[in-house]
Structure formats: C-alpha cells, structure tokens
Amino acid sequence: MQWGDNRRLSFHTLLYIIASLLPCISMSGQTDTIAGRVHNIGTEAVVSAVRVPTSVSSSRPTWQIDREAMEQLGLQNLADAVKRMAGASVKDYGGMGGLKTVSIRNLGAHHTAVSYDGVTISNIQAGQIDIGRYTLDGIESVALSVGEADDWLQSARHYASAGVLSIKSRRQGPDGSPLEVKVKGGSFGLISPSLRYWQPLGRRTTIAANAAYMHADGVYPFILKNGIERTHERRNNSDIDSWQGEANLYHTLADSSRLDMKLYWYRSRRGLPGAVVLYNRRSTERMWDEDFFAQALYTRQINKWLSLQSRLKYSHAWNRYQDTDVKYEGGRRTDVARQNEYYLSATLGWQPTRSLRFSLAEDVAIGNLRSNITISDNLTDPPYPRRTTSLTAIAARYSHGPFTINADVVGTYATEHVKAGTQPADRHRLSPSVAASMRITDTNPLYLRLMYKSTFRMPTFNDLYYIRMGNTGLRPENAHEWGAGLSWSTRLPHVVRHLSITADAYLNHVTDKIVAFPTTYVWKMSNYGKVRIHGIDFTLAAETPLLPATARMSETSLTLTAAYTMQRAIDRDPRSATYNNQLPYTPRHSGNIAAMLRTPWVNVGYSIVMQGRRWSSSQTIKQYELKAYDEHTLSLSRDLRLRHSTIGLQATINNLTNRQYDIIQYYPMPGRSFTMAATLKL
Amino acid sequence: MKSSKLMIAALSAIALCAGFASCSDDDEAWWNKAGSKISMTNTRAFILNEGAMNKNNAGITYFDWKADTTYNDDLFMTQNSIAMGDVGQDIIVSKSGNMFVIVSNSKVIYKLNPAGVRIANMSIPAELGDPRYGVEVGNYLYVTCYGGFVAKIDTEKMEVVGSVPVGANPEYIVEKDGTVYCTCSGWGKDQRVAAIDTKTFGEAEYFEVMVNPDRIIEVNGHIFVQGYGAYYDYPWGELNVKDGTFNTLGNASAWTSYGSKLYYAYSATDWTTYETTTTFNVYDTNTTVMTEMDNIPEDLRSKSVYGMNVNPYTGDLYVMTTNFTTNGEVYHFKADGSYVGKIASTGVNPRKIVFFN
C-alpha cells in the first residue's frame, strides 16, 4: 500500500475509512433514560392516569433526556447526553473539536437520522452528522428512537431511518425570562459566552434568537503508554473557535395552524490533532467549516380527521481541510467541499376513527456537492454529483384497547447526475416496518413491544466519488432490525413518585455493508460483509421525594437512572478473516448510572459512564485490547434569586477520577477537567 | 578524513569476513545476541510487519529459518520494551551485521543489533518528510524521504549528513556501481527514476520509466522498475541506465531476486466477485525467459502478496501475504520451487524478511 495515497485523503474521509474498515464501528451501548420526566414526543401525547413515560408505552424503544437533567448532570455537549441513552453509542475522537457520531444499536452512524426541530439534518458528502458541535445550551430535549419515533406526522426521512436522534430547541416557557446571558469557562482554555433572547410580537408571534461563541485551546495532558514507558504528553493542535447563531419565528395563524421558522448558522476553525503517532508529535491538519440552513415547519389540523405537516429547508455546508507537509505538492494539501440541499416534505394524517390512523409522507430532496477532488488520477474534472431523492412513506396505526400496531412502508427513488466520470444507476427500494405494543396488565402499566424494521442507507458522495476509492457501482447498505421488549412503570404514593424499568432484546443484521475493501495496493469502497448484532438493553428510572416542600423551601428529591447494555456485534461474512469475531470498539458490557439530588440549597448531579473491555481491531488479541473504563462527572448547581433576575451558577468536574482512556485507540480522551458557568436570567 | 574512511571500510570488511566466518552453529560472534532477552539460533530471520496506519503496531517477527519456528511475540517489543512505532517501511541488513529499520509515519530510523536490540535511533527532520526506503553504501545509509529527497545518513553517528532533492514522493532505492537509483512516484504525478552518484552526492539525473513508479531492484547487473502505472495495472520492466531506455516486460505487484533470477508475483482483484488472484513467475535475466511457478498452494493464489524475499544462504523463497486486518502469513518454498509450509507472522502487513547466518 502506498501510504502517501492514504495521507492525501481528507480527515473526514480518513475517519470515514477507518470507520468503514472496522465494520459497524461503535463505541458503546451507552445507556440512559431520564424517562418519566417528559411525556410528549412530537405531536403525540402519551399521558395516562399513572404517569407512563414514553419509553414505557411506545411501541419502539425511545429514550429521552431533557434540559433539566442535562443541566443538573453537568453535561457539556450533545454527545455527552447521547452517551447516556440505551442502545446508542458515540464514536468520540476526543477533545472539544473531535468528531462525535452516534450509532444506534451498532448499525453505524450512517443509519442514524438526526433531526433538529422536526427537520432532518443532512450531510450528503459524509453521510454522518457530527453531534459534537451542538452545545446543550439551546436544547430543550434530546430523544433517541430505535426504528422511528411514534410521531405520525413525521417526515418520510424519519420513517426511512433505522433510528432517529431528535433534538428539540428551547422555547420560552410561560414564566420564561426574555433575556439570558451565560458565560462558561473551564479547563483547556475554554471560554464560551452566549446570549438568548425572546420577544413576543403580538398574541400570535414570538421571535427568539441566540448566539454563542466558543474558544478552547484544547491542549490537554494525557499519559501515553508505550511498552514499559509512561510518558506525560499534551494533545497538540486541538484548538477550536466556533461561532453559532440562530433566529426563530414561531407564529400561530388564525386557523390555529402553526408556523415555525428557523435560520441557523455555524462556523468553526479547528486543529485536527489526529491519532497519537509514536515518536512523531507533529500535527498539522486544520479544518474550517461553515453550516447554514433555513427551515420552515408548518402544522395544521385541517379538520377533525385530517392533519397536515409540511417542511421546507435549504441547507448549505462548506468545509476546507488543510494539511501542511513537504510530501504534498507545494508543501500543502487543501480539500474544499461545498454542498447544498433543497428539501421539501409534507405529511398528511387521516384519522377516520378513534382507533385508526393513516399517514402519507412525501419528501423530495436535491443535493449536490462541489469539491476539488476528482474520482481518479486520470480525470481532471471533479464529478460535481447531484442527487435527487424521492421518499414516499405510507403508515397506518391501529389501536384497540390495550393493543396498538403501527406499520409503514417507505418507497425510495434516487437518481444521480455527474459532470465527470461514471454516473451510478438509479435506485429504487421499498422498506417495510412494523411495530406493536400491548398493555399486559390493567393495574400497573406493563407493556410488551415488538418491532421489525428494514432500512438501508444510500452510499454517500465520498463512498461513490472519492479519488480512487470511490465506486459508483455501490449498492445501498441494508439494515434489518428485530426487537422485543418489556416495560413496566409504577409508583408508590409518598415513597416513589415514579419508577420505570425496561428490558429490550434486539437482533440486527447489516448486509451489503459499505466498507473500504483492501486489495494489494488500491482500496476501493465495496458492498462487502455482513454483520450480526444482538443485545439486551436494561434501563431503570426512579424518582423519590425525600423531604416535602414547605412554605419557605422547595422539596428535596432524588432521581436515579441506570442503564446496562450487553451486546455482541460480530462479523458474519464467511469470506472474512475475522469471521465470528466481535467488531472493533464494541464492548460486550456497557452502561451508566446517574443520580440527581435536588435540594433547596443546591442541586447535585453525579453520573458514571462505563464500558467493558473491547478491541481496537477485529483481531481480538491482547495487543489490541482496550481496558474497561468508568468516567465520573460531578456537578453542583444553584439558582440565586435576585429582585428582578435569577443567576444560575454551576460547577462541574468532568472525569472526576482522572481516568485515562481512549474510545478510539490513540485518540486519548481528556482527563479531569473543570467547567464553571454563570447564567443571568432577566 | 580519507584515511579514516579507509579505516572504517577496512573494519567493515573485517566485520563482514567475521560474519561469514561465523557460519557454523556453535561458533557465535560476540555481537550476535548481545542484550537479547530470548535465546536465538544463528539461522535467524526477521520479518518486518508494517502494521496498519495510526495503530502504532509496526513490529518484527523472529523465526528460525532452518526449522521454520517463530517466536510468538513482537520481537522489537520483547527486546526493547517499547513499540517500534507507526508504519514499518523497510528493514536493511548492514554490512556491519546490524540492521536498520525505517518507520515511516513515526519518522524514525533504528539501528538494531542482529538480535533486534536497539543500538541507536534517530528522527528524520520534518523538512525532509517521512522516510521510506534505504540502501547502505559504504558507511552511509541513503534513505528516500517523502519531501522529495534522498537523505545521506552517517550510520555511525546516526545523523543526516546531507540530502539531495529528487522528484516528489520517492519510494524504493537501490545501488549499482556506486550510484543510487530511486523511483519518484509523485503519487501519480511523476514517472521518473532519479540517479545520484554517491561519490559526489550532487545533482540527480533522471530516467523516464512509467507513471507512478514504486519498486526498483538490481538483479545480476540489470535494473528493473515496477510501478502503479496510469491505470493501476502495475507494469514492470527493465531500465537501461546506459542509454536511458525503459522496456516494459509485464505486470507485478511484489518481487525479489536471487542470483540471476527475478521472482515476481502479480495480485489482481476482480471487483465483481472481490476475489484476488495471484500468479507467480520467475524471470531469468540471463536467458530473458519467464516461467510461471507451479506448486503454488491453492490458498496462496487467492491472497494479496505484500512482499517476497529469498534466503541468500539457501535460495529458499518466502512469500508474505496480507488481508490488511489480521496478522499476515509467510509461505516458504524451497529453492527448487517446492512448497514447504506456512509461518504465521506476529503482525499485520508483513512486507520484508532479512536473513542471518
């Protein structure tokens, strides 16, 4: 293999290749649910006499964590939150600017749809979304649904994904303050001021805006183990500056339909520290990127039986990667990519009777990529691919007494046009899904749920068109999910406000997996390999009042959540040299525990994320073994009420025990660090 | 200056003679096992495992070439208690009896004794770029560096004493009659071989060969060059350095030589079935006759060949295979072409074997 060729790939592609080489790479079956705190996902309310959390009653496993819990636990970014959800695993390259992607039940990050306020975020070039860039300041809740969410008016893209991470941004509550100013600072040169502003314009309209800046040197110490040597090193070239701004308009029309509009902008520049290479501390890769999107979401109850939701979105993403080394022509390599997407989606819901519901969703997206990378050495023009995708979903839901069944089918048609090189064939697919839930007992809610879903992911533009590795003959990669679960929820008056326990078993098959297939010198993206993943997720959530509220003091209560995942993810391709071996970076055992103690004086959050041993290679030998780890986070917070305002203060210690660990080998995670934040609410 | 060079040359010659004199098993040279933590036979061979990029898993497999028995751990780690680094590119037996190992992505060159124990190491400066391959001429090691240089390294002091610019991204390097020849790949943008007279170590001369040349080898006074070619079909041919002509002879993805013979393998992958087929041939430089090797075990035919070497003491051929994820294998053939058996390497991507006696 000519290593130089590899070094010429852009960072994202490299990461992508690494990910593909380790089929279905995944870090953890991290778990958690702060279930029980929210009962409303999407437009569908699940409220019953006894508080039944969505994770208990939904026909597909859904875990949610809301802002209060995220704040109390001292979580710093979206990846921290997702790491605490059952069935999700985060591939984390460490540091503030390190890539973080989410994979649901080890299907791979490409199979996860990420939606922001009801509209999916797309990346047609790399096919996976970096969730590390979303700070939690502007987020009201994060929900992770295996299969799809139980939202009947969702877009066809939601129906078409193997799993959805839904991010909901903050809205002003009835007692909300119009202005919030926050300053956060901490270890590794972190400083981040942010501002949020709400303004009602009349009875029907509210505007909201927020802006944030973040800077971090990112130079964190780590211990490098090399044989018998232990050296104290520093992570270099890990700095980041980012700017983010968002403007929202929420409007209720005269017919009580709702229109939500959003403008979003993000820009960053960062160093890419890369893998720690022994004896070579040089790190010269840099990246700049910019994201912009404008979206509108319109929801209308047309009459008693018909509802409509439609979405419109334009998104633009630009990134520039640069590496400086004498091995490049002119001493520098620069990759620039610019992608645009135009997206239109509408879902019509029809509820002819109380127990029967149908929906029809249609999405059309046109995406293009302009980059300076050709598909082969012999072509001088880049391919400039453009893809037009149509997704049509038909869904039905029937519920009768304790029994609910959902079924849907998604039809996909995609066609591509290229300026240079071979044009891939058009693609057609039908993907069915069915899920059912049944309330087994009348007294305490005990539910049984079953699901099957067949989905696929399209080859990304990097898979198809990247220089030399790209293969325009690729087929989509298929995922089949089977799941069965039991969930139970109860309460003991005055003792346990709420307790819920879930247990879900699952079996996934990934076929026609898109991987970089090695031959002697040239690697090429190929549909090669099969993966079987099976596992069990257990979750527990409980809340207990310790001291009742008095006239002068609020109550004292304790919330506990825990999750545990046991997972086997194995290579099932008989042609593979690692047939039946556990996939890289897949721990058999993983889990987390979180406790939140609310007192009138201070709120305390403590959480632990754990992973058992795993291997960095599909060769499961000692040399590639990564040891088990546990990471602890302690956070204290308190609100000080002033005459006209509130000041929220928070101090967090991340990685309290200063545990040295890697999620991806040779991408060390930061050790103990501190964060302090002050929020002024006017 | 001149006399000291002569002195070193004389000493090297003596060392070389000593090396040859110590062929018998019971007569061990003093340096042969210095510092070794394991017992070793004199009929030893070392496989360089390149490892996978950014995994820091380059290493050395030690085996006894008489018995085909291997030591089951990475020898470099065993002897030195630290890892070799990232991307083991080349291993060279020095006339002094020591070895040089070039670790490309770590930008390190080690000097090891014949038991794999580290004597010295050096880093290649960033201005020169990642070191790739080396050849020893006199008391110097000439190393191609990705910045487009051939660096001259004093093997005693283990430091760079000079460098000559060549085409971009040079790869393999070979010596013939005091001149070093290296391929300039330019990662597909160059098509030349650079020649540098080691006596003057002045400006390089160039020969046009093929697009993206990679390997270069000297066999029986002839120079052969292999490369990726414009269409990644791995052409190879003979470069006549007297008149500068290049004559394409076939396709090859790995090769080695013994006496007047050039052994070469060609691995091609069918992208519809993902099957790799490898053929093995012998080219006789005296008769210019190419003969396909039979007696190739069936499982070897479907594997990617990553390297080939001949044991200079026996003429036996060793073929290294890889699947790029798990530890590689080495197929052993007798000098007459008959298949002996397989050796498991202890690392990923075995690429070169050096032999001691």
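Every chain is numbered from 1, with letters handed out A, B, ... down the list of sequences. Side chains included, hydrogens not; waters and symmetry mates left out as well; all remaining heavy atoms used.
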For the residue pair B/D86 and A/N280, establish whether any side-chain heavy-atom pair is separated by less than 4.5 Å.
no
Counting only heavy atoms not in A/K530, do more than 12 sit closer than 6.0 Å to its NZ atom?
no
Check whether any side-chain heavy atom of A/V277 lies under 4.5 Å from a side-chain heavy atom of B/V87, and answer yes or no.
no
Look up atom CD in A/Q623 and atom OG1 in B/T346, then write down how far apart they are to the nearest 0.5 Å.
8.0 Å
Cut-off 4.5 Å, heavy atoms of chain A, and the answer for B/D74 is neither
Counting only heavy atoms from other residues, nucleotides and ligands, does the tally under 6.0 Å from CZ of A/R281 exceed 12?
no
If I measure from the heavy atoms of chain A, does B/A168 come under 4.5 Å with its side chain, its backbone, both, or neither?
neither
Minimum side-chain heavy-atom gap A/Y666-B/N54 below 4.5 Å
no
Using non-hydrogen atoms and a 4.5 Å limit, figure out which bit of A/N471 sits close to chain B: side chain, backbone, both or neither.
neither
Is B/T326 reaching over with its side chain to a backbone N or O of A/A577, donor-acceptor style, under 3.5 angstrom?
no
Can you confirm whether more than 12 heavy atoms, excluding those of B/Y231, are under 6.0 Å from its OH atom?
no
Hey, does B/V348 have a side-chain heavy atom less than 4.5 Å from the side chain of A/Q619?
yes
Count the heavy atoms of every other residue, nucleotide or ligand shown that sit under 6.0 Å from CD of B/E159, and state whether that count exceeds 12.
yes
Taking the side chain from B/K55 and the backbone from A/S616, do they hold a donor-acceptor pair closer than 3.5 Å?
yes
Residues A/K327 and B/N169: closest non-hydrogen pair is O-ND2, 2.8 Å
Could you look at B/N57 and say if it's the side chain, the backbone, both or neither that has a heavy atom under 4.5 Å from chain A?
both
For B/V103 and A/L278: C-alpha separation, side-chain torsions, deciding distance, then whether side-chain contact (heavy atoms from CB on, under 4.5 Å) applies.
CA-CA 10 Å; B/V103 187; A/L278 291 176; over 6 Å; no
For chain A, which of B/S123, B/C145, B/G129, B/A230 has the most heavy-atom pairs under 4.5 Å?
B/A230
Atom of B/A126, atom of A/V326 and distance for their closest heavy-atom approach:
O-CG2, 3.4 Å
Run B/I82 and A/Y279 through side-chain contact (heavy atoms from CB on, under 4.5 Å) and show every step you take.
CA-CA 11 Å; B/I82 55 166; A/Y279 320 120; 3.4 Å; yes
Report yes if the side chains of B/Y232 and A/R468 come closer than 4.5 Å at any heavy-atom pair, otherwise no.
yes
When every non-hydrogen atom of B/K107 is compared with those of A/D325, the smallest separation belongs to NZ-OD2, 4.0 Å
Counting heavy-atom pairs under 4.5 Å with chain B, the top scorer among A/K622, A/K225, A/R282 is A/R282
Between the main-chain N or O of B/A83 and the side-chain N or O of A/N226, is there a donor-acceptor pair closer than 3.5 Å?
yes
